[in-house]
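Report on the following structure.
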Amino acid sequence: MDKLLASNNKKVGYLDSLNKEQYEAVCTTEGPLLVLAGAGTGKTKVLVSRICHILKNNYAKPWEILSVTFTNKASREMNNRVAEQIGQAVEGTWLGTFHSIGVKILRSNAELIGLKNNFSIIDTDDQIRVLKQLIKSNNIDDKRWPARSLAYIINKWKDLGLLPEEISQNNVSNFAQGKSVELYKEYNSLLKVQNAADFGDLILHCLTLFKKNKDVLENYHKKFKYILVDEYQDTNQSQNIWLKLLAMGSKNICCVGDDDQSIYGWRGAEVGNILSFENDFPGAKTIRLERNYRSQPHILKAASELIKNNEDRLGKTLWTEKEDGDPILISSHLDGAEEARSIIEICEKISKENSLNEIAILVRAGYQTREFEDRLLTVNMPYRVIGGPRFYERREIRDAIAYLRVVSQPSDGIAFERIINVPKRGLGLTTIKSIYDLSKKHKESLVSSAQKIISTDIIRPQAKSSLARLLEDFNRWISLKDQIGVRELLETILDESGYTDMWQKDKSIEAPGRLDNLMELADTLENFENLTSFLDHVSLVMENEKNESSEMINIMTLHAAKGLEFDHVFLPGWEEGLFPHQRSLDENGTTALEEERRLGHVGLTRARKTAQITFAYNRRSFGDWQNTIPSRFIDELPEANISFTDTSNNSDNNVFSDIDFNQDISNDFNQNYITFKELSNKQKTMVIGSKVKHKEYGIGYVIKVNFEKLDIVFEGFGKKTIIETYLELIDD
DNA sequence: TTGATCGATTTTTTT
DNA sequence: AATCGATCAA
């Protein structure tokens, strides 16, 4: 009885807890709708409630709703929250990222765009490897015209939804004397031969499919009665066309986004999409969500004032009814280590009365996390780095996956090439080149060419027999594929190929860890029914779920923080050059500056209760010290909402109200500081190989020196990282 | 073909 | 500072 009441309450509850604008956004189910939702205004709540509303009223079945998000994280959360609100898991909804939905569509229509339905998905790394080959085989100087640049150009075209033949004269870049379009064409046909698609293709192929096969598109029109799009400001042109084509049927498309949180311009996202929604979808209605339920007024005010400096925006006025709270604390520091030390000290204080999970350190660039990790390790506080080095990007994991890819899809030459000589089989560059040339000549896959080359005299007899053996192995594994489980398949391959052996014989420090990772990969495999679903997961999700339940401080980039919120947020590194980032300014000028500012806005609006901004006067980059000045964004924050503390020169708690941050406060001092650092670095007495003594661990030897932190191997205790002052040097 | 060594290059953000 | 790649000797 109680249960029934509870579920009844829930049924009504999903509409009751909405404010007026949210309610309107949920109930306007028919026709195109743009919801401009500022940070913390209940964007996800609206999307989730909207799905519930459609389902509860039986406007559509779960499989007639298409919900697209930008990240896997977002789609997972949406899925969970819908289930929570409905009271049970909802089966059959088309809920996922643009890319995963694209794959789903392509797998069932692969032949129509010239692929087989088990096509491989290649990532940026593979892509660059393919392009490198291409550049070389076209006799282009790859020093002058690096594969990375070509990848960038091609990806840009794909993001724009342009096929090689659709590129207009003024769009042609001068890459390799205008050969870029030709290379683009060649690259595409190479992928086709290998039965592979890159990220851009996952959307672009859909466009081709829809345009050339009206019946297919019509089927999707009949199917999808409602389309919902999250983070609409992040869509690129290709995705926007994709949406337009799909929405032509029902016209019931609801896009939720915030132009002030558009931070993926560098990846092709077009704020323009959100600005021109009403043109793209005639008869569209726009609803603004401006009431913020997250941050306290000082934070909200500061974030709003900051973003007002942008010209290219629709404009919203966020407001809140929350109590005042604390102003944003801004403090200066001598260098990055000092900054980290100081922030972690505050974290320790906060953690006495708060959950560590409610603390986040948001950095501009990935490499900044290091100083915080170092500090957290020394004070022994648990932390997690969100979006850090990825499990599936580790070398051993990629190798293992490459084996699986070839077994799953033998045309996948990109994967085959990766492991043809791993472990070492005496198949070096010459052999690979010969196979590659042959495959190019006959327009066939590398594996087919490899098979053929065995019966020729192109390569050395040794290489021939070695290659023959590898191909036999693959044939055997392929025939095993449908007979045994995926886990066993992987174990067999790793065993018989000698891959596991290779790492077991390897004496480097990382080797045992790599073996552990391979075991973990095998465990993961058990969760998948077949190889294809696992490989899709690897390429599209790229992360391995971990036990994230325990108490830890969160460290991540500002980009990774979008969509999240925390009670206490730290924003380190607000310095010119780092934030706004120099490279971004160099490449895209004012447009980029505005995007950097939006990043700042995203960062600040993650905070519920407190936000602290810090900067350092000295930062190390590319190995040497850089003298820095505070970020211009600090200057743009309203004085009434901030409080400045200068902790850079021992005069604690100096509070200034009107500092001109653009003036370099202590140039001479910093210059001296740098000299001092360099000297103390050179005068270091403990070097690699030094014998040292620690009062707890006894005698050990230095294996790594990182300023005052030394890695020591102790007898009986193994490797430890110790600060220099706790060690005593012993000369022998 | 392999392993070692030297030099170049990097560090923005991610599906 | 640390990784990656090109080059060269064995």
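Chain naming here is simple, since letters A, B, ... match the order of the sequence lines and numbering starts at 1 in each.
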Tell me what A/Y264 touches on the nucleic acid: a base, only sugar-phosphate, or nothing, going by heavy atoms under 4.0 Å. sugar-phosphate

A/K244: what forms a salt bridge (Lys or Arg N to Asp or Glu O under 4.0 Å) with it, not counting sequence neighbours? A/D280

Under 3.5 Å, N/O pairs linking protein and nucleotides 2-4 of chain B:
| unit_1 | atom_1 | unit_2 | atom_2 | d |
| --- | --- | --- | --- | --- |
| B/dT2 | OP1 | A/G426 | N | 3.2 |
| B/dT2 | OP2 | A/N421 | ND2 | 3.0 |

Contact class for A/R460 vs. all strands (heavy atom < 4.0 Å): base, sugar-phosphate, or nothing? sugar-phosphate

Going by ring pair (Phe, Tyr, Trp, His ring centres under 6.0 Å), name the residues that satisfy it together with A/F199, two or more places apart in sequence or in a different chain. A/H99

Excluding sequence neighbours, so at least two apart, what forms salt bridge (Lys or Arg N to Asp or Glu O under 4.0 Å) with A/D312? none

Hits for salt bridge (Lys or Arg N to Asp or Glu O under 4.0 Å) against A/E396, two or more places apart or cross-chain, chain-then-number order -> A/R514

Does A/R129 have any salt bridge (Lys or Arg N to Asp or Glu O under 4.0 Å) partners at least two apart in sequence or in another chain, and if so, which? A/D126

Which residues pass the side-chain contact (heavy atoms from CB on, under 4.5 Å) test with A/D260, not counting sequence neighbours? A/D258, A/I307, A/R313, A/K316, A/H601

All ring pair (Phe, Tyr, Trp, His ring centres under 6.0 Å) counterparts of A/Y264, not counting sequence neighbours: A/F70, A/W266, A/H559

So what does A/S539 hit on the nucleic acid, given a heavy-atom distance under 4.0 Å: a base, only sugar-phosphate, or nothing? nothing

With 3.5 Å as the limit, what N/O pairs link the protein to nucleotides 5-12 of chain B?
| unit_1 | atom_1 | unit_2 | atom_2 | d |
| --- | --- | --- | --- | --- |
| B/dT12 | OP1 | A/R583 | NH1 | 2.0 |
| B/dT12 | OP2 | A/H581 | NE2 | 3.3 |
| B/dT12 | O2 | A/R364 | NH1 | 2.9 |
| B/dT12 | O2 | A/R364 | NH2 | 2.1 |

